[in-house]
Amino acid sequence: MNTNELAIKKENIFSTFLSGWSAFLTTLKLSFKHTIIPILGQLFGILLISLVPVLEYREMVNVSSTPDGWIYFALSLSGLIIFVYSLWKFFVLLCGVNLLARDIYDDRAIANISFYTSDVIRKKWSYLRFLIGYLAIALFFAGVTAVIMFLEAKIVVYNFLTSAANIFLLLIQSAVFLTYILFSNIIIQHYAFNRILGFWEIIKRSFQFIGKNFIALTILSFITVIFSNIIAYLTQFLITFLIINPFGLTADNSAGIAIRFTIGFIINAFIIVLFQYIYTRFYLLVQNTPSNIH
């Protein structure tokens, strides 16, 4: 496909979603290697990290008392390092993909994905601070949700007031969850295209962006959530039909669980990359001419 066909034009939410798909497929050859390597690195790290827990709780082996137990602990620690490093490379890719998508949508000549990721790495400390700050905000949302769920569990519904309080907490929980979904879907775009700004200014602009485009962004997020769930169910069905059933791997079989997790993990990572193309297009449409999207 000629990337000239993907230039910014007036469109609705569904066109934005489909245009993101087109850009993703057009550049998949460019980004595949840079995507699959950090994904496999994370999986390998998870495998090493899980050595001690598996031996301790599944094989009933007391690793700390065995002569070569230190080897398993060292491998698990190595796995943690590999996982964190691979996760970092994946986040660098996500930021780079946004820059690549911008060039596609602005009808510019596109370069190899390494060109865009190297631009991110040049300011790696800025990006690392941003990711740490984002993690802190994500933990804040998780903490608020946990507190609300705790309060809901404590409320015994037996009259109008307790019933109203329960409904009120449920509405707050839904609002917090929706806010986090919208925030997490658009935050990387704000960093990728505003890297000269400080962290809190990026956060401020992100929430302003959400407020100004709440309905359109909610609809787009709803579409992407439905899409990701469809892909997840379809993937699980194909794994069961093509691998689990033919080889007699039951639901509690270790090999079956590992296969489901590995394939699902890889598919989910590519979906996250796809979403960068979609939300970048949405972001650029709104930022360039707010009337372009409806």
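Numbers here are sequence positions counted from 1.
For Thr27 and Tyr277, the side-chain atoms include at least one donor-acceptor pair closer than 3.5 Å. Counted by atom type alone, Ser114 and His34 present one or more donor-acceptor pairs between their side chains at under 3.5 Å. Side chains of Arg260 and Thr235: a donor-acceptor N/O pair is absent below 3.5 angstrom, by distance only. A donor-acceptor contact under 3.5 angstrom links the side chains of Thr224 and Tyr279, judged on distance only.
The closest side-chain heavy-atom distance from Ile203 to Ile137 is below 4.5 Å. Side-chain contact check for Arg129 versus Trp125: some heavy-atom pair is nearer than 4.5 Å. Contact check for Phe214 versus Leu178: side-chain heavy atoms found under the 4.5 Å cut-off. Side-chain contact check for Val97 versus Phe24: every heavy-atom pair is 4.5 Å or farther apart. Inter-residue side-chain proximity for Tyr283 and Phe209 is flagged as met; some heavy-atom pair is nearer than 4.5 Å. The side-chain heavy atoms of Phe275 and Ile271, taken from C-beta on, include a pair separated by under 4.5 Å. Side-chain atoms of Lys89 and Ile121, non-hydrogen and from C-beta on, do get closer than 4.5 Å to each other. At least one side-chain heavy atom of Arg102 sits less than 4.5 Å from a side-chain heavy atom of Asp106.
For the residue pair Leu30 and Ile110, the shortest heavy atom distance occurs at CD1-CD1, 4.0 Å. Residues Cys95 and Ile188 approach most closely at CA-CG2, 4.3 Å, considering heavy atoms. Here the closest non-hydrogen pair linking Leu182 and Thr218 is CD1-OG1, 3.6 Å. In terms of heavy-atom proximity, Ser206 sits nearest to Ile187 at OG-CD1, 3.2 Å. Listed here is the closest heavy atom pair of Tyr105 and Gly20: OH-CA, 3.4 Å.
For the pair Arg195 (side chain) and Ala192 (backbone), a donor-acceptor distance under 3.5 Å is present. In this structure, Ser76 contributes its side chain and Leu48 its backbone to a donor-acceptor pair below 3.5 Å. Between the Asn98 side chain and the Leu94 main chain, a donor and an acceptor come within less than 3.5 Å of each other. A distance-only check finds a donor-acceptor pair linking the side chain of Ser50 to the backbone of Leu47 [under 3.5 Å]. Judged purely by atom type and a 3.5 angstrom limit, Gln236 has no side-chain atom pairing as donor or acceptor with the backbone of Ala232. Although no hydrogens or angles enter the test, the distance criterion places no donor-acceptor pair under 3.5 Å between the side chain of Asn112 and the main chain of Phe115. In this structure, Asn194 contributes its side chain and His190 its backbone to a donor-acceptor pair below 3.5 Å.
When the shell of 6.0 Å around CZ of Phe140 is examined, it contains 12 or fewer heavy atoms from other residues, nucleotides or ligands. For Leu171, the CG atom counts as densely surrounded, since its 6.0 Å shell holds more than 12 non-hydrogen atoms of other residues, nucleotides or ligands. Other residues, nucleotides and ligands contribute at most 12 non-hydrogen atoms within 6.0 Å of the CD1 atom of Ile215. The neighbour count for Phe141 CZ, taken as heavy atoms of other residues, nucleotides or ligands under 6.0 Å away, is above 12.
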Handout entry: Stepwise side-chain contact (heavy atoms from CB on, under 4.5 Å) test for Ile82 and Ile49
Key = CA-CA 10 Å; Ile82 293 171; Ile49 292 170; over 6 Å; no

Exercise for the section: Dump the intermediate steps for side-chain contact (heavy atoms from CB on, under 4.5 Å) on Leu99 and Val120, then the final yes or no. Expected result: CA-CA 9 Å; Leu99 303 177; Val120 177; 4.1 Å; yes

Handout entry: Trp88 and Tyr127: CA distance, side-chain angles, deciding distance, ring pair (Phe, Tyr, Trp, His ring centres under 6.0 Å) verdict
Key = CA-CA 10 Å; Trp88 157 253; Tyr127 193 33; 5.7 Å; yes

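Aromatic ring orientation, Phe270 versus Phe32: parallel (interplanar angle below 30°, classes split at 30° and 60°). Between Phe183 and Tyr134, the ring-plane angle classifies as parallel under the 30° and 60° cut-offs. Relative orientation of the Tyr191 and Phe130 rings is parallel, given thresholds of 30° and 60° on the angle between their planes.
Phe91 is linked by a ring-ring contact (aromatic ring centres under 6.0 Å, His included) to nothing, counting only residues two or more places apart in sequence or in another chain.
Distance check, rounded to the nearest 0.5 Å: CG of Leu234 to CD1 of Ile231 gives 6.0 Å.
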